[in-house]
2 protein chains.
Amino acid sequence: METKKGYENYDKVHVAIDCVIFGYYERQLQVLLIQRDFEPVVGEWSLIGGILSEDEDLDAASQRILKYNTGLDNVFMEHVHVFGKVHRDPLARVVSVMYYALINPIDYNHKLIPRMGAKWFPINNIPKLIFDHEEMLKMAFDTLKKKITRMPIGFELLPPKFTMPELIQLYEAILQKSLDKRNLSKKIFSLKILRKHNEKQFNTSKKGAFLYSFDKRKYEALTKKGFLFEI
Amino acid sequence: METKKGYENYDKVHVAIDCVIFGYYERQLQVLLIQRDFEPVVGEWSLIGGILSEDEDLDAASQRILKYNTGLDNVFMEHVHVFGKVHRDPLARVVSVMYYALINPIDYNHKLIPRMGAKWFPINNIPKLIFDHEEMLKMAFDTLKKKITRMPIGFELLPPKFTMPELIQLYEAILQKSLDKRNLSKKIFSLKILRKHNEKQFNTSKKGAFLYSFDKRKYEALTKKGFLFEI
DNA sequence: TCAAAAGTGTTATCGCTACACCCATGC
DNA sequence: GCATGGGTGTAGCGATAACACTTTTGA
């Protein structure tokens with residue numbers, strides 16, 4: 001800390017939290033965005049964000065901001081990067097801590113209260129964003145893609161019960177390429193983190209597809225061992 | 001940003017940069033630490049750190065802090081995580097942005113000016129550290145281990161010319177296990193990012209080992225393609 | 001009976017791992 | 001000539017990727 005007694009002579013800055021909130025519905029990966037209602041960029045779209053309070057843990061702030069904007073808590077959320085250019089926000093010096101979050105549609109259909117014009121946009125049709133938010137989104141999306149090829153975090157984006165074709169379609173939506181359903185389902189099954197139910201879903205086919213749910217305990221046992229796979 | 005005009009009503013906090021600086025000498029991975037000279041933890045060891053100025057880019061601050069403490073610039077440095085618990089520093093509210101840096105011994109032997117009792121510690125013999133710095137170090141070390149199994153960043157820790165046995169020994173020091181020299185050298189050679197020199201180094205053997213240097217251009221071409229390998 | 005999606009196994013290839021001997025040199 | 005570390009090739013195995021047909025059922 002160089003050669004000072006305490007921090008009185010050092011600057012303070014605003015610390016923002018910006019969240020790239022991913023959701024999955026209509027067979028597309030979507031991102032929740034909000035329309036700014038204050039200067040200098042009224043009406044433009046931005047990531048969901050907020051400012052850290054002095055008496056608030058950083059992780060608590062990210063949960064608070066997510067809850068305020070979506071009504072959800074206990075959401076999968078992970079820090080990705082920090083953005084700290086001096087003039088990245090023209091209003092003030094703001095260092096932004098960027099997270100991404102994964103939300104599943106059942107939860108948000110029931111509980112989500114979109115505030116201040118929050119709206120879902122498909123990942124391939126994102127409007128112009130303020131500041132460096134496009135860079136943030138790109139980085140978060142890259143992180144999600146990289147991560148999902150190594151760990152089965154996709155479940156966070158699906159409802160509690162889902163079918164194998166849905167899971168595969170989700171992976172295709174995220175990785176933006178088609179995947180071999182035999183190989184992928186084999187790989188997922190081999191992890192033994194799914195519980196098969198004796199129900200079928202008939203939304204998309206006459207034959208119907210079996211429903212599965214995600215066994216969080218087995219999953220956590222795996223990740224503790226540092227288990228990885230690759231698509 | 002919730003529903004405010006500007007940021008006047010929001011808190012500001014100190015933003016610190018803390019660097020886990022890795023070096024490699026005496027066949028061991030080492031970490032540069034510093035002895036605090038101010039309250040409340042005078043005499044205890046800490047990571048190299050400093051406070052962000054209001055008119056300074058975050059990345060510039062990390063470079064400044066590294067240069068101030070080691071005399072080096074143009075160093076490989078990467079953000080890992082942010083630590084933001086309210087009371088992590090008992091003196092003040094400080095959000096800390098943690099980086100790790102890789103330094104090679106030729107550079108620091110020539111230029112390093114250890115300040116304020118900065119000292120290298122072998123990774124397996126780290127003293128008690130202040131605040132959450134042990135957690136930071138653990139996370140940085142884990143990140144380094146994970147990263148080096150996928151990308152050949154090890155060169156950053158070696159002098160410009162190095163031998164294959166040195167490179168292998170470095171990997172063993174980082175991953176803390178012995179590796180098959182045939183398989184590892186094969187893998188490195190297959191990347192074609194090394195230039196072989198017509199000189200040998202006789203430090204450690206009578207036969208002598210060929211010197212190589214790292215072809216940064218070819219390496220960057222690879223990483224742009226997102227190339228990965230695994231040890 | 002046809003259309004549309006679900007479900008399921010096998011084979012070939014590739015990459016990784018494991019493993020041991022000769023080489024060059026200084027002493 | 002011997003001790004020391006440097007340098008190199010191969011074979012077996014496991015994992016991945018490629019690939020197509022049968023099942024179910026509603027219309």
Side-chain angles (χ1 to χ4, degrees), chain A residues 26-27 146 148-152 154 158-159 161-173 175-192 194-213 222 225-231, chain B residues 26-27 146 148-152 154 158-159 161-173 175 177-213 222 225-231:
Chain A
E26 291 174 356
R27 301 169 66 88
K146 211 171 277 180
I148 209 167
T149 60
R150 309 195 170 277
M151 326 222 336
L158 291 171
K161 291 184 182 177
F162 53 87
T163 66
M164 190 51 56
E166 281 172 340
L167 181 61
I168 291 167
Q169 209 285 326
L170 165 64
Y171 272 71
E172 292 180 328
L175 297 175
Q176 318 227 297
K177 62 180 178 189
S178 57
L179 299 168
D180 185 298
K181 61 178 174 168
R182 278 170 292 191
N183 291 337
L184 182 53
S185 58
K186 231 182 300 173
K187 197 163 307 180
I188 305 274
F189 285 139
S190 74
L191 299 178
K192 296 180 179 164
L194 294 189
R195 260 204 321 272
K196 186 172 187 170
H197 294 264
N198 256 336
E199 315 162 53
K200 281 189 163 190
Q201 192 190 75
F202 297 89
N203 294 354
T204 53
S205 85
K206 294 149 189 169
K207 182 179 179 183
F210 279 106
L211 285 162
Y212 294 87
S213 60
L222 269 187
K225 288 183 202 153
F227 180 88
L228 300 175
F229 74 103
E230 306 231 2
I231 292 179
Chain B
E26 291 174 356
R27 300 169 68 87
K146 209 171 279 178
I148 209 166
T149 60
R150 309 193 171 278
M151 324 222 336
L158 292 171
K161 290 183 182 178
F162 53 86
T163 66
M164 189 53 54
E166 282 173 341
L167 182 60
I168 290 166
Q169 208 285 326
L170 165 64
Y171 272 70
E172 292 181 329
L175 297 175
K177 62 180 178 190
S178 58
L179 299 168
D180 185 298
K181 60 178 175 170
R182 279 170 291 193
N183 290 338
L184 182 52
S185 57
K186 231 184 302 171
K187 199 163 305 179
I188 305 274
F189 286 140
S190 75
L191 299 178
K192 297 182 180 165
I193 53 176
L194 294 188
R195 261 204 320 274
K196 186 173 188 170
H197 294 264
N198 256 335
E199 315 163 53
K200 281 190 163 188
Q201 193 191 72
F202 296 90
N203 294 355
T204 53
S205 87
K206 293 150 190 168
K207 181 179 178 182
F210 279 106
L211 285 163
Y212 294 87
S213 62
L222 270 186
K225 287 183 204 153
F227 179 89
L228 300 176
F229 74 103
E230 308 231 2
I231 294 180

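Labels below follow one simple rule: chain letters A, B, ... track the order of the sequence lines, proteins then strands, and each chain is numbered from 1.
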Considering only heavy side-chain atoms of A/K186, the closest of C/dC19, C/dT10, C/dA6 is C/dT10
Nearest to the side chain of B/M164, heavy atoms from C-beta on, is which of C/dT17, D/dG7, D/dG5?
D/dG7
Nearest-angstrom distance from the residue atom CD1 of A/I188 to P of C/dG7:
14 Å
Mind calculating the distance between CG (B/L211) and C1' (D/dG5) to the nearest angstrom?
15 Å
Between P on D/dT8 and CD1 on B/I168, what's the gap in Å once rounded to a whole number?
11 Å
When you measure from the side chain of B/D180, which nucleotide among D/dG5, C/dA18, C/dA5 comes out closest?
C/dA18
When you match A/N183 and B/R182 each to their closest nucleotide on DNA chain C, which lands nearer the 5' end?
A/N183
Determine, stepwise, if the pair A/K161 / A/H197 fulfils side-chain contact (heavy atoms from CB on, under 4.5 Å).
CA-CA 9 Å; A/K161 291 184 182 177; A/H197 294 264; 3.7 Å; yes
Closest of D/dA17, D/dA3, C/dC19 to the B/K206 side chain is D/dA3
B/K177 has an atom NZ; how far is it from atom C1' of C/dA18, in whole Å?
14 Å
Report the distance from atom CD of B/E199 to atom P of D/dG6, rounded to the nearest whole Å.
17 Å
Is there side-chain contact between A/L158 and A/Y212, with heavy atoms separated by less than 4.5 Å?
no
Contact check, side chains of A/F210 and A/P165, non-hydrogen atoms, under 4.5 Å:
no
If you take atom types as modelled and just measure distance, does the side chain of A/K207 reach the base of D/dT25 with a donor-acceptor pair under 3.5 Å?
no
Choose from C/dA6, C/dG9, C/dA20 the nucleotide whose nearest atom is closest to any side-chain atom of A/T204.
C/dA6
Using the side-chain contact (heavy atoms from CB on, under 4.5 Å) rule, take A/F189 and A/M164 through it: C-alpha gap first, then chi angles, then the decisive distance, then the call.
CA-CA 10 Å; A/F189 285 139; A/M164 190 51 56; 3.6 Å; yes
Which nucleotide wins on minimum distance to the side chain of B/K181, given the candidates D/dT8, C/dA5, C/dT17?
D/dT8
Rounding to an integer number of Å, can you tell me how far B/L167 CG sits from D/dG7 P?
12 Å
What is the distance, to the nearest angstrom, from the CG atom on A/N203 to the C1' atom on C/dA5?
13 Å
4.5 Å side-chain heavy-atom contact, B/R27 and B/E166:
no
Quick check: on DNA chain D, is the nucleotide nearest B/K200 upstream (toward 5') of the one nearest A/K200, or the reverse? Name the residue that is more 5'.
B/K200
In terms of the nearest nucleotide of DNA chain D, which residue is placed more toward the 5' end: B/F210 or A/F202?
B/F210
Please state how far atom CD in A/E166 lies from atom P in C/dA6, giving the value in whole angstrom units.
9 Å
